[in-house]
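Everything below concerns the one structure shown next.
Chain naming here is simple, since letters A, B, ... match the order of the sequence lines and numbering starts at 1 in each.
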Protein chains: 2
Amino acid sequence: MTDSVKPRARAADKRRRLTTEAARVLHEQGVERTTLADIARAADVPLGNVYYYFKTKDELVSAALSEHSARLAEFTDRLDLLPDPRERLAALVQSWIDRRETAARHGCPTGTLAVELDKRADGTLDAEVAAVIRRLLEWATEQFRQLGLPEPDELAVTLVSAYQGMSLLANALRDPDLMARQGARLLRWLNALDATAPAD
Amino acid sequence: MTDSVKPRARAADKRRRLTTEAARVLHEQGVERTTLADIARAADVPLGNVYYYFKTKDELVSAALSEHSARLAEFTDRLDLLPDPRERLAALVQSWIDRRETAARHGCPTGTLAVELDKRADGTLDAEVAAVIRRLLEWATEQFRQLGLPEPDELAVTLVSAYQGMSLLANALRDPDLMARQGARLLRWLNALDATAPAD
DNA sequence: GTCTATATCTCGATAGAC
DNA sequence: GTCTATCGAGATATAGAC
């Protein structure tokens with residue numbers, strides 16, 4: 001009986017390993033510079049076997065995107081446990097600051113993926129990466145709304161935009177400290193936002 | 001005598017055409033998805049002849065980067081003719097807003113190039129793209145300094161960061177309007193910056 | 001389900017005629 | 001200086017034994 005379960009469990013494990021490693025390696029090396037052999041090696045799966053789990057390279061990219069989406073959802077779910085929306089937003093910004101070393105080395109996983117995918121004539125995955133970004137925007141919008149601020153959706157765009165911008169600069173200039181300083185600035189901005197003030 | 005000049009003129013012309021088209025096509029399709037054949041076709045130069053002007057593909061990428069750098073320098077030189085630093089900065093932001101359609105389709109030329117180049121193990125061109133970004137940062141820093149604002153370098157990072165972020169979001173979400181709205185927000189921010197206020 | 005071997009294709013780069 | 005033809009590396013994807 002265990003014999004019939006073991007192979008199944010291993011199979012699921014391989015799929016998971018491939019997905020996890022795809023997310024990591026694609027973030028580090030980019031889609032175009034990453035070969036299926038790279039991912040197979042990282043996941044410790046023979047090259048030819050990859051195709052049993054994913055029919056094409058794009059399916060692996062899609063799986064990596066889902067992985068990022070799931071991690072984001074998991075994180076915002078944890079943030080939702082905090083009582084104050086402003087605290088939730090601050091915790092999000094703090095998590096960006098905490099990840100500054102990775103951001104300086106490889107940029108934002110979703111952001112850099114979006115840049116690469118938008119360069120392709122075949123726009124098959126554009127909608128998927130846009131959906132991940134939109135999810136974060138919507139979560140942030142909800143927090144600003146709960147704070148009673150005007151134009152919460154615009155504030156959300158400003159926040160996420162600032163994050164993408166500082167990730168890109170920190171990455172291009174190889175300067176994690178830039179991320180820390182701009183993050184601190186964002187925290188001050190969040191604290192200064194006032195519901196009684198005109199649209200800021 | 002004209003016989004000896006004509007071929008020279010044509011040769012210089014071909015090099016220029018290759019550089020211009022490389023800058024355009026590499027921006028639109030990205031480095032990895034662009035073949036030398038793409039650039040050769042766009043510049044109306046036979047593929048084999050490209051190698052007479054540029055020894056490698058990377059040399060063409062480098063030429064494209066120089067092209068972007070030159071255009072930026074030309075633009076800031078024109079802005080320097082304006083009497084007020086705040087006006088200069090506002091004109092820069094306005095130029096970003098004016099280019100929103102291109103940004104939504106292909107992102108910022110330098111920013112997306114930086115993302116792609118940073119994914120390569122071979123970091124040969126990283127310094128070059130960083131130099132272009134630094135040039136813009138330095139110009140902006142000088143404007144904030146002339147306005148007598150504290151931490152002008154940090155304000156410059158915030159400004160350029162906001163630009164890169166909104167370009168990325170506008171591109172990923174295919175929404176030029178996002179760029180217009182965030183640009184307007186930046187203009188308001190610029191106008192509200194006050195030399196007498198504490199570090200903002 | 002697993003893995004090796006390989007077909008097929010694309011692209012950067014070169015050789016060499018003109 | 002110009003251009004055609006092609007080489008050779010490296011990638012995705014498949015065939016087919018186990």
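- Protein atom CG of D44(B) is 13 Å distant from nucleotide atom P of dT2(D), rounded to whole Å.
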Side-chain polar contacts of residues 112-121 of chain B - donor-acceptor pairs under 3.5 angstrom, sequence neighbours left out - could you list them?
residue : atom : partner : partner atom : Å
T112(B) : OG1  : K119(A) : NZ           : 3.3
T112(B) : OG1  : C108(B) : O            : 2.9
T112(B) : OG1  : P109(B) : O            : 3.4
E116(B) : OE1  : V31(B)  : N            : 2.6
E116(B) : OE2  : V31(B)  : N            : 3.1
E116(B) : OE2  : E32(B)  : N            : 3.2
D118(B) : OD1  : R174(A) : NH2          : 2.9
K119(B) : NZ   : H27(A)  : O            : 2.5
K119(B) : NZ   : H106(A) : O            : 2.8
K119(B) : NZ   : T112(A) : OG1          : 3.3
R120(B) : NH1  : D58(B)  : OD1          : 3.3
R120(B) : NH2  : D58(B)  : OD2          : 3.0

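- For E67(A) and R71(A), the salt-bridge test passes: some basic side-chain N is under 4.0 Å from an acidic carboxylate O.
- Using a 4.0 Å cut-off between charged nitrogen and carboxylate oxygen, R17(B) and E21(B) do not count as a salt-bridge pair.
- Here the P atom of nucleotide dT12(D) and the CZ atom of R41(A) are 11 Å apart, to the nearest Å.
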query: For nucleotides 13-18 of chain C, read 5' to 3', which letter fits each nucleotide if B means a protein heavy atom sits under 4.0 Å from the base, S means only the sugar-phosphate is that close, and - means neither?
result: BB----
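- Contact check, Y52(B) against dG1(D): a side-chain N or O comes under 4.0 Å of OP1 or OP2.
- Going from atom OH of Y53(A) over to atom C1' of dT12(D) covers 19 Å, rounded to whole Å.
- Among residue pairs with one or both ends in residues 83-95 of chain B, those qualifying as side chain to side chain donor-acceptor pair (under 3.5 Å) are R88(B)-Q143(B), R88(B)-Q146(B), Q94(B)-D98(B); sequence neighbours excluded.
- With rounding to whole Å, R33(A) atom CZ is found 15 Å from dC11(C) atom P.
- In this structure, the separation between CG on D177(A) and CE on M179(A) is 12.0 Å, given to the nearest 0.5 Å.
- Rounded to an integer number of Å, the gap from F54(A) CZ to dT12(D) P is 15 Å.
- The interatomic distance linking D13(A) (CG) with dG1(C) (P) rounds to 13 Å, in whole Å.
- dT14(D) atom P lies 15 Å from atom CG of N49(A), rounded to whole Å.
- Salt-bridge check for R145(B) with E142(B): passed, with a basic side-chain N closer than 4.0 Å to an acidic carboxylate O.
- The side chain of P46(A) lies closest to dC3(C) when the candidates are dT2(C), dC3(C), dT2(D).
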